[in-house]
Amino acid sequence: MIVTTTPFAGQRPGTSGLRKSVQVFRQPRYLENFVQSLFDVLENHEGTTLVVGGDGRFFNDPAIQTVLRLAAANGFGRVLVGQGGILSTPAASAVIRSRRAYGGIILSASHNPGGPEGDFGIKYNAGNGGPAPEALTEAVFRRTQSIDRYLSIEAPDVDLDAPGTTQVGGMAVEVIDPVATHADLMATLFDFGAIRRLLGSGAFRMRFDAMHAVTGPYAHEVFIKRLGAPAASVVNGLPSPDFGGGHPDPNPTYAAELVAAMFADDAPDFGAASDGDGDRNMIVGRRFIVTPSDSLAVLAANAHLVPGYASGLKGVARSMPTSAAVDAVAAALGIPCFETPTGWKFFGNLLDAGRITLCGEESAGTGSDHVREKDGLWAVLFWLNVLAVRGVSVEAIVRDHWRRFGRHVYSRHDYEGVDAAAASALMARLRQALPGLPGRPFSVGIVTLADDFAYTDPVDGSVTTGQGLRIGFDSGSRIVFRLSGTGTEGATLRVYLERFEADVQRHGVDAQQALADLIATAEQLAGIVAATGRTQPTVIT
Ligand code: VG1
Ligand code: CO
């Protein structure tokens with residue numbers, strides 16, 4: 001059937017898909033408009049296979065039923081949907097690739113809170129398993145602005161809990177095991193035997209916090225069933241529609257429960273957490289938090305110890321605000337290192353072209369060419385494999401890394417939910433001031449670089465501008481200012497701070513202390529307090 005509709009303003013995907021409050025998504029025709037706009041833009045999809053799943057948050061199931069009806073009316077041949085409507089983002093990527101699907105729709109707002117008062121989201125991944133490139137998301141957005149009809153069918157809801165195949169109109173709907181494909185892939189990359197011995201040795205304990213989000217079932221299957229970890233090793237492992245009322249963002253602020261456990265007297269040896277849709281990871285040793293930028297560098301430096309990467313890395317990439325720790329490793333390995341805009345979609349071409357093997361972001365995303373998304377469980381297994389081979393603690397591995405490469409002291413200060421106009425004004429002012437900055441002295445050094453980051457994709461030549469304001473100093477320190485593209489309320493200002501410390505004697509200094517001058521310089525440059533009324537960041541990572 002053809003249903004008449006009119007456009008909604010603002011259906012423009014951000015850093016990772018379209019994210020809005022549940023209330024916005026529940027408006028009649030809102031989801032339909034976006035999905036139909038996507039299908040209108042996709043060419044030659046008739047008769048092909050689509051993968052659909054989500055992170056299990058509130059509105060997941062009704063949204064999937066809507067997508068199924070629209071997919072049937074738009075001529076897809078088959079939809080693979082995760083049992084219970086569940087598919088983590090990396091698992092969806094793995095299924096798209098292994099089943100050679102046309103693409104996939106992932107229903108998630110990732111680390112944003114869920115529940116009726118929380119957020120919802122939808123993102124499209126292409127046939128390579130990776131997030132749609134900007135050219136496609138922009139085309140979808142343009143289509144949402146002129147849409148006047150969508151196609152759907154009358155059909156009863158599909159039972160998403162029952163495995164097997166049913167028909168929706170002329171389209172087959174196959175309810176698949178959401179975990180198996182991804183778990184099998186993990187077993188091809190890591191030394192499960194060595195990790196099993198480590199976890200079963202009795203001398204090593206781990207705590208994986210699924211934060212009531214999608215990775216619970218994945219962690220149960222891999223850590224407990226396949227690797228023999230005690231059941232208590234996975235906590236908050238049942239996905240809940242509102243993530244237990246929490247904020248499924250694995251950082252020291254929102255994963256406070258994990259941090260407390262890892263700093264307790266009887267702390268386990270290894271702690272980890274993942275986010276709403278399972279693509280982020282947080283790594284914690286006993287009384288020691290590993291920053292995501294360091295984690296990426298450590299994995300790159302130790303990749304030769306892991307079966308899936310034993311033959312070496314073709315290259316690495318990091319998002320622009322991520323620290324240069326991985327650059328130092330790439331230089332030592334003699335491999336290329338690419339600097340991309342924030343968001344996983346920018347790694348896709350480099351991975352597809354075989355130019356890089358590992359990549360990551362300071363926001364707790366790490367991944368490789370095994371899929372086309374960041375992968376929380378993969379990062380945890382990578383660490384476990386390295387720990388099993390090296391037989392030393394997390395802290396020892398990181399301190400040893402710093403001794404070899406120096407320490408890139410790093411922190412991100414987020415000012416969440418600030419007034420959008422005030423945040424844009426702050427950025428505009430700073431952008432205008434950039435040309436006058438080079439040569440100017442500050443307490444942290446003389447400015448040597450001041451620009452608005454732009455990226456030319458080395459594979460397809462596409463250009464992306466306006467990706468964050470970078471201010472670099474002759475001391476090697478750097479400040480980046482950027483507005484978030486995933487928030488749904490007001491604006492979130494992110495201030496990324498980085499300082500290189502070669503002196504081993506000073507590697508133990510607390511990051512906030514080591515960055516104090518840089519934090520003051522950021523305030524001096526941007527006037528954050530005056531512009532936002534905030535004297536403290538909401539979140540420090
Ligand atoms: C944030 C992170 C970015 C990440 C994106 C999606 O974007 O900074 O590195 O790729 O979230 O992650 P922004 O625009 O808010 O800074 V996820 O796990 O929310 O899909
Ligand atoms: Co996520």
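Quick note: numbers below take in every heavy atom, side chains included, and nothing from hydrogens, waters or symmetry partners. Order of appearance sets the numbers: ligands from 1, and atoms from 1 within every ligand.
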Under the side chain to side chain donor-acceptor pair (under 3.5 Å) test, which residues partner S240, sequence neighbours left out? D242
Considering only protein heavy atoms, which is closest to atom 17 (V) of ligand 1, and at what distance to one decimal place? S110 OG, 2.8 Å
For atom 7 (O) of ligand 1, which protein heavy atom lies nearest, and how many Å away is it? T486 CG2, 3.5 Å
So, R470 and D452, do they make that salt bridge, N to O below 4.0 Å? no
Under 4.0 Å between heavy atoms, the region of T89 that gets near ligand 1 turns out to be neither
If you have a sec, work out which protein heavy atom is nearest atom 9 (O) of ligand 1 and how many Å separate them, to one decimal? S363 OG, 2.6 Å
Could you list the atoms of ligand 1 found under 4.0 angstrom from a heavy atom of S16? 6 (C), 20 (O)
Can you list the steps and then say if H212 with F243 is a ring pair (Phe, Tyr, Trp, His ring centres under 6.0 Å)? CA-CA 5 Å; H212 304 282; F243 308 118; 8.5 Å; no
Identity and separation of the nearest protein heavy atom to atom 19 (O) of ligand 1: H111 ND1, 2.4 Å
Considering only heavy atoms of R482, which atoms of ligand 1 have at least one such atom less than 4.0 Å away? 13 (P), 14 (O), 16 (O)
For residues H182 and D375, is any side-chain donor paired with an opposing acceptor at under 3.5 Å? yes
Under a 4.0 Å heavy-atom limit, does T342 contact ligand 1 with its side chain, its backbone, both, or neither? side chain
By number and element, which atoms of ligand 1 are closer than 4.0 Å to a non-hydrogen atom of R494? 8 (O), 13 (P), 15 (O), 16 (O)
Ligand 1 atoms nearer than 4.0 angstrom to some heavy atom of D275 are 18 (O)
Can you name the atoms of ligand 1, numbered from 1 with element, that are less than 4.0 Å from a heavy atom of T15? 5 (C), 7 (O), 13 (P), 14 (O)
Indicate yes or no: does an N/O atom of D279 lie under 3.5 Å from an N/O atom of ligand 1? yes
Work out whether the distance between some heavy atom of R19 and some atom of ligand 1 is less than 4.0 Å. yes
Which of the ligand 1 atoms, numbered from 1, are nearer than 4.0 Å to a heavy atom of G343: 10 (O)
Per the salt bridge (Lys or Arg N to Asp or Glu O under 4.0 Å) rule, what does the pair list look like for residues 340-350, sequence neighbours excluded? E134-K345
Should the pair R318-E362 be classified as a salt bridge under the 4.0 Å nitrogen-to-oxygen rule? no
For the aromatic rings, using the six-membered ring if either is Trp, is the centroid distance between Y309 and F382 under 6.0 Å? yes
Indicate the ring-plane relationship of H401 and F405, choosing parallel, tilted or perpendicular according to the 30° and 60° boundaries. tilted
For atom 6 (C) of ligand 1, what is the nearest protein heavy atom, given as residue, atom name and distance? K374 NZ, 3.5 Å
Which is it for S484 and ligand 1 at heavy atoms under 4.0 Å: side chain, backbone, both or neither? both
If you scan protein heavy atoms around atom 4 (C) of ligand 1, the nearest is E361 OE1, 3.5 Å
May I ask you to decide whether D119 forms a salt bridge with R19, counting only side-chain N to carboxylate O separations under 4.0 Å? no
Would you say S319 contacts ligand 1, with heavy atoms under 4.0 Å as the rule? no
F59 and F25 aromatic ring geometry - parallel, tilted or perpendicular at 30°/60° bounds: tilted
Test item: side-chain donor near acceptor, S274 and N281, under 3.5 Å: no
Can you tell me the protein heavy atom closest to atom 1 (C) of ligand 1 and the distance? R280 NH2, 3.6 Å
Just to verify, what does Y496 make a ring pair (Phe, Tyr, Trp, His ring centres under 6.0 Å) with, not counting sequence neighbours? none
With respect to G485, determine whether any N or O atom, backbone or side chain, lies less than 3.5 Å from an N or O atom of ligand 1. yes
Ignoring waters, protein N/O/S atoms under 2.8 Å from the Co ion (ligand 2) are S110 OG, D275 OD2, D277 OD1, D279 OD1
Salt-bridge present (E373, R97; N to O < 4.0 Å): no
Check E257 with R207, please: is the shortest side-chain N to carboxylate O separation under 4.0 Å? yes
Does R355 come within less than 4.0 Å of D369, counting only side-chain N to carboxylate O? no
Consider only side-chain N and O atoms of R494 and H413, and report whether a donor and an acceptor are under 3.5 Å apart. no
